[in-house]
Number of protein chains: 2
Amino acid sequence: MNVINASPRRKELTRLAAQLFVQEGFDRTTVRMLAQEMGIKSGSLFHHFKDKQEILAAVIEEGTQNALAIARKALAECADEPEMRLRAMARAHLETLFTDRNAHVVALFEWRRLDPAASAHLSHLRDAYEALWVAVIDDALEAGLIHGDRFLVSRFVLGALNWTVRWYDPNGPRSPDDLADELVAMIMPTSA
Amino acid sequence: MNVINASPRRKELTRLAAQLFVQEGFDRTTVRMLAQEMGIKSGSLFHHFKDKQEILAAVIEEGTQNALAIARKALAECADEPEMRLRAMARAHLETLFTDRNAHVVALFEWRRLDPAASAHLSHLRDAYEALWVAVIDDALEAGLIHGDRFLVSRFVLGALNWTVRWYDPNGPRSPDDLADELVAMIMPTSA
DNA sequence: AGAGTAACCAAGCAAGCGCTAGTGTAAATG
DNA sequence: CATTTACACTAGCGCTTGCTTGGTTACTCT
């Protein structure tokens, strides 16, 4: 296996793996399929990754890191008002969801296949991301912008956003930003 | 395979299969694991089901039929006001989601493993269920109870509800009905 | 009693699985 | 020039997979 864990080759392989995992599911994707897609033989795969599990972990980590980076950037750039921050988070979420779609679909629907060690590490990353959300939701609640239980609201909102990967068509008339704004409007009484 | 497709034995086997599919995922659940859980040998399994795919289809069909039945009953029994109908649908959704949890988790997260034929059949069932939702959402929109795009609102709401299987703890302080009411309140400006 | 049938079992096949061992080679490094 | 490193290859081991086959029980219905 490569010593430098973030070699460009490995990144490209991770991207291809994400695509196959989405198409076939992790379990049905064989190392031979992965290798073929990458233009190498199956044995060579294990030079880049310790085992198949590690490929899955790499895919999910990549997606979550991107989500974190995009969300932080969005928060740093937007106006310091609860409504704008809420909107920024929703937009950032959909942005990463559809630019890194493969990685996120894998993260959302295949994380049960992770072994305990990888799962623990990635859970922390995920928690860091959700913490950003809860903070923004808290501000919006305090400002009276939305109402309800902070815990429930964030879960409901994240659920609604994550579920978009199941039905949203990026080639349709609506942009992801559109979608985000509609969701925020839906839960904001004052913006009717 | 059994001629009578709905034999009680088959129903029980389907229930056990759902449980295993949730625990391990469809692909990682072997016919030998299924057979052992059922107290028979792996070969005997194929007396009840044509192949492994058919077991998956049976699990999903069972769940969706239950969802349809419960939703229809809830609508028939509740007052004929948009708000009550909306609440009834949300409650019904969470009710079936957690009483038939295994079947629904499989339906939500493993339907990609269905072959095209089974997938087409079950899609129709699913569409019938979603049609109930869209009708109720339409009424609520017309009554000015909620606002937004009919299509988006139903997708967002269903997403938020379906996502509960990922975090809701039935042994916690909140009841499923509680959850449903909170969600409806979240999207209804007037009930602040 | 005899026929029919649902439910099961033991045994195993052919295919496919993740992964390993050992080797070759071209480029970078001392 | 000698050595290391990165990356790829061939070949295949040991095991598991979904499913089949051929036969056996146990029960019901005439």
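What you see is a predicted model; the values in this text were computed from it and never measured. A, B, ... follow the sequence lines: proteins, then strands. Residue 1 opens every chain.
- Within the 4.0 angstrom heavy-atom criterion, base atoms lie near A:Ser44.
- A salt bridge does not link B:Asp169 with B:Arg174: none of the charged nitrogens is closer than 4.0 Å to a carboxylate oxygen.
- Within a 6.0 Å sphere centred on CZ of B:Arg166, other residues, nucleotides and ligands contribute more than 12 heavy atoms.
- As judged by a 4.0 angstrom heavy-atom cut-off over every strand, A:Lys41 is placed among the base-contacting residues.
- Rounding to whole angstrom units, CZ of residue A:Arg28 and P of C:dG16 are separated by 13 Å.
- The shortest heavy-atom contact between B:Ala17 and B:Val59 is CB-CG2, 4.2 Å.
- For A:Arg9, whose side chain is taken as the heavy atoms from C-beta onward, the closest listed nucleotide among D:dA8, C:dG18, C:dA7 is D:dA8.
- Nucleotide C:dA7 holds its C1' atom 15 Å from the CD atom of B:Glu12, rounded to whole Å.
- Using a 4.0 Å cut-off, no side-chain N or O of B:His47 falls inside it from OP1 or OP2 of C:dA6.
- For A:Gln36 and D:dA8, the CD to C1' distance is 16 Å, given to the nearest whole Å.
- The listed nucleotides are C:dG18, C:dC9, D:dC19; the one nearest the side chain of B:Ile40 is C:dC9.
- Ion pair A:Arg10/A:Glu54 flagged as a salt bridge, since at least one NZ, NE, NH1 or NH2 atom sits closer than 4.0 Å to an Asp/Glu carboxylate oxygen.
- A:Phe46 places its CZ atom 18 Å from the P atom of D:dG12, with the value rounded to the nearest Å.
- Residue A:His48 places at least one side-chain N or O closer than 4.0 Å to OP1 or OP2 of D:dA8.
- Counting to the nearest Å, the P atom of D:dT10 and the CZ atom of A:Arg32 are 13 Å from each other.
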